[in-house]
2 protein chains.
Amino acid sequence: MAQLTQEQKHLIEKIGIYHEQQGLPPVVGRIMGLLYVSDRPHLSFEEIVDTLNISKSAASNALNLLLQMRLLEYTTYPGDRKRYFGALMDNWYEEVINKMESILGFSKLLRQANDLRGNSNPAMHEKVLERIEFMEFLSQEVPMLLEKWRQGRGQ
Amino acid sequence: MAQLTQEQKHLIEKIGIYHEQQGLPPVVGRIMGLLYVSDRPHLSFEEIVDTLNISKSAASNALNLLLQMRLLEYTTYPGDRKRYFGALMDNWYEEVINKMESILGFSKLLRQANDLRGNSNPAMHEKVLERIEFMEFLSQEVPMLLEKWRQGRGQ
DNA sequence: TCTTTGGTTCATAATTTTGAGAACTAAATT
DNA sequence: AATTTAGTTCTCAAAATTATGAACCAAAGA
């Protein structure tokens with residue numbers, strides 16, 4: 001992965017943009033792109049810095065963010081001080097669960113809104129309640145969906 | 001909705017922060033908060049500007065963004081030039097579908113990554129393929145979930 | 001026709017985000 | 001002990017985002 005082909009560079013940018021749309025900074029997205037596109041499943045800090053032409057500080061911060069977000073993991077080898085970073089590919093379960101928790105958190109806020117409003121506006125109350133119930137329905141059903149996927153795989 | 005209570009203000013900020021986390025600017029999130037918390041299902045441009053203490057330009061841009069994102073709708077009344085804005089509460093279907101399309105778009109990128117890599121790294125290939133298949137599974141199942149919700153409602 | 005209303009658009013200021021580069025540190029090597 | 005390695009942290013500049021206020025505009029009303 002010393003040099004990237006034009007095609008690889010292009011795909012890395014595309015994957016980068018997807019991650020930017022999810023709220024991550026460009027460099028962070030590019031690192032994800034590189035790790036998905038890379039021939040090898042793990043790259044060292046130095047390789048990432050060199051192939052993407054980014055500063056060590058940007059790489060350090062981005063990698064630590066991605067580790068903390070559990071989008072990346074790293075391996076080490078005995079007698080080698082380097083860390084070898086790779087995309088974490090089997091965390092789909094927690095990713096979806098996190099999203100659902102966030103949605104559930106919002107539905108709690110909407111419930112507070114409904115409580116605060118009291119019965120001053122029944123139509124509004126009804127509409128918001130429907131929203132809430134839809135979000136709760138999703139939060140209930142999606143874990144079952146994940147289970148279904150797990151079953152079909154033996155994971 | 002001339003004046004907001006402390007409790008309402010607080011809840012509006014909370015709902016605002018949720019929307020900020022979804023990638024929207026503060027004012028945009030607060031408008032969503034106001035419309036969810038409001039006693040009335042529709043507020044005029046002026047009311048939004050006055051109760052949130054924001055500039056007309058910020059309101060104009062935010063409202064047009066929210067309309068374009070289909071998080072808001074507005075009604076008009078004969079003999080009244082004003083528009084009355086309210087949170088769009090029945091667009092859960094398209095919201096979820098859009099999210100799924102975005103995920104499907106990403107899975108397409110990952111497929112390109114796998115193609116580009118060829119069989120230079122079978123283990124990587126396998127792991128990425130699993131990711132892809134999970135995303136495709138979701139995109140396939142979630143619309144059925146929505147249908148299930150629709151059924152249970154007669155919508 | 002003149003003014004008011006209901007916004008929109010523009011120029012700009014304030015804030016935040018992002019990333020570079022240099023200085024730094026701790027462990028390992030010479 | 002001195003140097004190299006593998007990063008981290010700090011300072012700062014550039015760029016992007018966000019929102020303000022003023023100017024503007026088109027439709028409606030006086």
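The structure displayed is predicted, hence computed values, not measured ones. Residue numbering restarts at 1 for every chain, and letters A, B, ... go by the order of the sequence lines.
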Practice prompt. May I have the distance from I54(B) (atom CD1) to dA14(C) (atom P), rounded to whole angstrom?
Written response: 20 Å
Worksheet item: Using a cut-off of 4.0 Å on non-hydrogen atoms, how would the nucleic acid contact of A58(B) be classed: base, sugar-phosphate, or nothing?
Response: base
Worksheet item: Between E133(B) and R153(A), is there a side-chain N and carboxylate O pair less than 4.0 Å apart?
Response: yes
Discussion item. I need the CG-P distance between L67(A) and dT8(D), as an integer number of Å.
Written reply: 9 Å
Discussion item. Is it the case that the ring center of F45(B) lies less than 6.0 angstrom away from the ring center of F85(B)?
Written reply: no
Fill in: Atom-to-atom span, CG of L63(B) to C1' of dT8(C) - whole angstrom
12 Å
Fill in: Within 45° cone of Y93(A) ring axis and under 6.0 Å: R150(A) NZ or CZ
yes
Discussion item. Please report the distance, rounded to the nearest Å, between CZ in F85(B) and P in dT8(C).
Written reply: 7 Å
Discussion item. For a quick test of reading the model: is some side-chain N or O of N61(B) closer than 4.0 Å to OP1 or OP2 of dT18(D)?
Written reply: no
Worksheet, complete the sentence: note: E47(A), atom CD; dT5(D), atom P; distance rounded to Å ~ 15 Å
Worksheet entry | Side chain of K56(B) - closest among dA20(C), dT20(D), dT8(C) | dT8(C)
Worksheet item: Near E95(A) CD, under 6.0 Å, is it more than 12 heavy atoms from other residues, nucleotides or ligands?
Response: yes
Discussion item. Between C1' on dT18(C) and CG on N53(A), what's the gap in Å once rounded to a whole number?
Written reply: 17 Å
Worksheet item: Between R83(B) and dG6(C), does any side-chain N or O lie under 4.0 Å from OP1 or OP2?
Response: no
Discussion item. Donor-acceptor check, side chain of R131(B) to backbone of L88(A), threshold 3.5 angstrom: yes or no?
Written reply: no
Worksheet entry | Polar side chain donor-acceptor pair, N114(A) to R111(A), under 3.5 angstrom | no
Worksheet item: Where along residues 73-82 of chain A does a heavy atom come under 4.0 Å from DNA chain D, residue by residue in number order?
Response: R81(A), K82(A)
Discussion item. Students often mix this up, so state it plainly: with edges at 30° and 60°, are the rings of Y18(A) and F106(B) parallel, tilted or perpendicular?
Written reply: parallel
Item to complete: Calculate the interatomic distance between I48(B) atom CD1 and dT8(C) atom P; express it in whole Å.
Response: 11 Å
Worksheet item: For the side chain of S57(B), counting heavy atoms from C-beta on, which of dT18(D), dC10(C), dG19(C) is nearest?
Response: dC10(C)
Practice prompt. Kindly indicate whether the side chain of S55(B) and the base of dA19(D) share any N or O donor-acceptor pair separated by less than 3.5 Å?
Written response: no
Worksheet item: Rounded to whole angstroms, how far apart are CD on E20(B) and P on dT17(D)?
Response: 15 Å
